[in-house]
Protein chains: 2
Amino acid sequence: MSQAHERPTLEAVARLAGVSRATVSRVVNGSPKVAEPIRSAVRRAVEELGYIPNAAARSLVTQRTDSIALVLPESASRVFSDDPFFPSIIHGVSQELDAADKQLVLMMTNTVGGYERVERYTTARHVDGVLFASTHGVDPLPGQLHRLGMPVVVSGRPLGRSAVPYVDVDHIGGVRAAVRHLLDSGRSRIATIAGPQDMVAGIDRLAGYRAELRGSDRRSIVAVGDFTRESGATAMRQLLEDDPQLDAVFVASDLMAHGAITTLRELGRRIPEDVAVVGFDDFDISRYTDPPLTTVRQPILELGRELARQLLRVIAGEEVPPAVVLPTELVVRASA
Amino acid sequence: MSQAHERPTLEAVARLAGVSRATVSRVVNGSPKVAEPIRSAVRRAVEELGYIPNAAARSLVTQRTDSIALVLPESASRVFSDDPFFPSIIHGVSQELDAADKQLVLMMTNTVGGYERVERYTTARHVDGVLFASTHGVDPLPGQLHRLGMPVVVSGRPLGRSAVPYVDVDHIGGVRAAVRHLLDSGRSRIATIAGPQDMVAGIDRLAGYRAELRGSDRRSIVAVGDFTRESGATAMRQLLEDDPQLDAVFVASDLMAHGAITTLRELGRRIPEDVAVVGFDDFDISRYTDPPLTTVRQPILELGRELARQLLRVIAGEEVPPAVVLPTELVVRASA
DNA sequence: CTGAAAGCGCTTACAG
DNA sequence: CTGAAAGCGCTTACAG
């Protein structure tokens with residue numbers, strides 16, 4: 001039985017094949033300038049010994065690790081709650097990384113200690129680049145890493161000044177289309193349940209609502225949630241207290257919209273007859289709510305893929321645009 | 001602006017502090033045998049230069065990477081579908097790894113090429129150990145890595161002979177309790193929707209059903225699904241064709257149970273009056289189905305945590321039991 | 001096309 | 001307690 005620490009090295013392969021370590025290295029790395037007979041002798045020796053290059057040794061000289069970190073500044077519970085947002089991001093990133101033969105290191109944390117670990121890990125050059133999803137507030141870490149020369153791309157337009165390239169979706173355009181749809185269908189008291197106001201997604205969606213309402217004579221009616229189902233249910237209750245006559249609500253996430261629907265139903269309002277509801281996300285399940293949810297579709301999987309693609313370009317030394325904004329789209333179903 | 005490749009090395013710190021590299025290394029790694037004045041001089045230099053040890057260089061000599069791989073032999077789409085199984089495993093693993101200050105490398109793949117990458121990556125010693133979740137059929141990779149001396153722990157009792165330590169739940173005990181519950185409540189024609197028969201979870205749950213029925217005079221009525229909602233709906237339809245009089249069904253996963261409920265409702269059967277339904281998993285959503293689902297609870301988060309704990313023990317050179325089996329428990333709600 | 005040699009940035013016996 | 005030196009396992013100019 002072979003031991004853990006007796007794995008064959010380049011040296012062993014070179015000896016068996018009767019060539020130098022340099023030559024073995026060239027063959028293993030597919031350099032074209034090795035003569036055919038030597039090449040196959042080396043291949044045989046590699047095969048026979050089951051040689052696999054040591055990653056650390058290779059990284060030390062090439063300065064590459066072929067892996068990248070995806071940082072989710074959230075607790076793992078949040079990341080893997082029933083909200084499919086993060087899973088979709090991970091899924092999209094993973095697709096592109098697979099295609100590029102890079103590995104994915106997943107870092108989830110919402111603690112200060114965890115964040116420090118992220119910093120140490122990434123600046124120790126364990127990874128070739130770092131992706132941030134869904135940062136809260138003004139997050140200094142992406143900028144810091146970027147200044148250290150580390151390839152970084154973030155998801156969502158950063159709050160505050162930042163030179164870090166980002167990928168985002170057109171929150172405002174999507175929300176305006178949603179609110180316009182409510183206006184066009186004759187709704188007069190249009191409320192909103194906004195997302196957390198320390199995140200761009202929360203801020204921009206509220207801004208979109210306000211912007212579209214501004215053109216009409218309707219006043220705004222606002223409650224704020226945190227993107228969870230429960231917060232949507234609670235916020236809906238508040239809105240109905242604020243304005244029992246409201247006849248429409250734009251909700252800044254599908255999950256909150258589900259919560260809002262539960263509340264409306266409990267209070268005996270018909271959807272959409274009494275109150276029209278529009279969500280934001282277009283999660284799969286929103287097709288199956290009762291009634292099916294009218295919502296703004298944002299391409300989350302594609303967002304993940306684009307993040308990864310941009311980062312791979314930065315790593316390859318290519319120029320990337322400072323921002324990529326993916327389109328959103330109103331999907332009309334039965335709830336509004 | 002500092003450049004990517006100009007990060008300070010041990011050498012630089014040593015020069016600034018006026019000591020040898022060995023001493024800096026000792027201070028950085030917290031060795032106790034460095035005199036206090038020197039220690040603080042080194043600390044200052046580290047601070048001033050923003051020194052972070054290079055991970056590859058360190059790994060090369062220590063043979064440790066402080067990261068471990070979690071291999072999910074499934075497509076990313078499957079892992080991040082609406083099935084919360086994998087997310088919970090990841091969550092549990094991540095919790096324990098965080099506590100141990102190790103990083104998580106996530107590898108998802110159901111392609112041959114992908115599997116080869118997993119093999120190369122892990123045997124290249126990119127990670128200190130490997131966790132496998134939910135293998136299909138007789139999977140040779142865990143055993144191979146184990147024989148190479150790589151720390152490995154798998155989730156689910158391996159099919160075929162294997163010396164690799166595993167963590168599993170008590171499928172059979174849980175299923176027997178479920179079927180017994182159906183028998184005790186006077187059900188006479190008890191069908192089952194089994195899981196995939198190339199996975200231990202599928203095989204054992206069917207075995208538990210058969211074992212418990214054997215003690216009674218009931219015959220078995222079996223359909224097979226693949227743990228998805230859709231397959232549950234289809235299988236339920238088949239079962240009702242096979243035996244229109246059936247009055248109970250044990251379904252080997254909650255998601256399939258949800259599918260079965262949809263079918264039963266479409267065909268006008270009342271639950272539990274006409275047909276009692278029991279699931280397996282106890283996902284959160286199963287509390288909210290109509291009616292709330294009676295099901296066998298398996299501790300998935302804990303399974304993930306235990307996997308990580310066992311692996312960390314193996315890595316630390318401790319002895320671990322060849323198998324850890326976590327208990328399952330029948331949770332009676334309204335559906336049966 | 002091939003090899004000898006330097007070097008990537010650390011850790012760790014070994015001496016003193 | 002501290003340092004000089006060897007060595008971890010590779011890659012890559014540089015010569016030839």
Side-chain angles (χ1 to χ4, degrees), chain A residues 3-43 45-46 49-66 120-121 123-128, chain B residues 3-43 45-46 49-66 120-121 123-128 148-149:
Chain A
Q3 291 295 303
H5 299 289
E6 292 184 358
R7 307 243 46 230
T9 66
L10 250 202
E11 178 66 43
V13 177
R15 224 160 29 216
L16 181 60
V19 299
S20 72
R21 280 144 66 221
T23 298
V24 176
S25 175
R26 288 187 190 106
V27 173
V28 167
N29 291 295
S31 157
K33 39 187 188 172
V34 176
E36 184 45 54
I38 297 212
R39 184 193 305 273
S40 47
V42 171
R43 288 234 183 82
V46 165
L49 297 176
Y51 170 71
I52 308 260
N54 177 299
R58 179 177 272 176
S59 285
L60 185 53
V61 25
T62 62
Q63 310 268 37
R64 287 182 302 101
T65 65
D66 291 328
R120 298 194 79 74
Y121 188 81
T123 77
R125 314 212 151 268
H126 248 119
V127 290
D128 297 339
Chain B
Q3 291 295 304
H5 301 287
E6 291 182 0
R7 310 244 43 231
T9 66
L10 250 202
E11 179 67 44
V13 178
R15 224 159 28 216
L16 181 59
V19 299
S20 72
R21 281 144 66 220
T23 297
V24 176
S25 175
R26 290 190 188 101
V27 173
V28 167
N29 290 295
S31 158
K33 37 187 189 173
V34 176
E36 187 43 56
I38 298 213
R39 185 194 305 274
S40 47
V42 171
R43 287 234 184 82
V46 165
L49 296 174
Y51 171 71
I52 308 260
N54 176 299
R58 179 178 271 176
S59 285
L60 186 54
V61 24
T62 62
Q63 311 268 38
R64 285 182 303 98
T65 64
D66 291 328
R120 298 193 80 75
Y121 188 80
T123 78
R125 314 211 151 269
H126 248 119
V127 290
D128 296 339
L148 287 172

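What you see below is based on every heavy atom in this structure, not just the backbone, and it leaves out hydrogens, waters and symmetry mates. Numbers restart at 1 for each chain; the letters A, B, ... are given by sequence-line order, proteins then strands. Computed from a predicted model, the values in this text were never measured in an experiment.
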To the nearest Å, give me how far apart CG (B:Leu60) and P (C:dG7) are. 17 Å
Compare every heavy atom of A:Thr65 with every heavy atom of A:Val127, then report the nearest pair and how far apart it is. CA-OG1, 3.3 Å
Taking the side chain as every heavy atom from C-beta outward, state whether A:Val19 and A:Val24 have any pair of such atoms under 4.5 Å apart. yes
Donor-acceptor contact present, side-chain A:Arg58 to main-chain A:Arg64, <3.5 Å: no
Pairing partner of D:dA13 (Watson-Crick or G-U wobble, both distances under 3.5 Å): none
Do the side chain of A:Arg26 and the main chain of A:Arg39 share a donor and acceptor less than 3.5 angstrom apart? no
Go along nucleotides 10-16 of chain C 5' to 3' and tag each nucleotide: B for a protein heavy atom under 4.0 Å from its base, S when only backbone or sugar atoms are that close, - otherwise. BBBB---
Taking A:Ala55's backbone N and O only, do any of them form a donor-acceptor pair with A:Ser59's side chain (distance below 3.5 Å, no angle check)? yes
Who does C:dA4 pair with, Watson-Crick or G-U, both distances under 3.5 Å? none
Passing candidate, side-chain contact (heavy atoms from CB on, under 4.5 Å) with B:Ser25, options B:Val27, B:Thr23, B:Asn29, B:Val28: B:Asn29
Provide, to the nearest angstrom, the distance between the CZ atom belonging to A:Arg39 and the C1' atom belonging to C:dT2. 13 Å
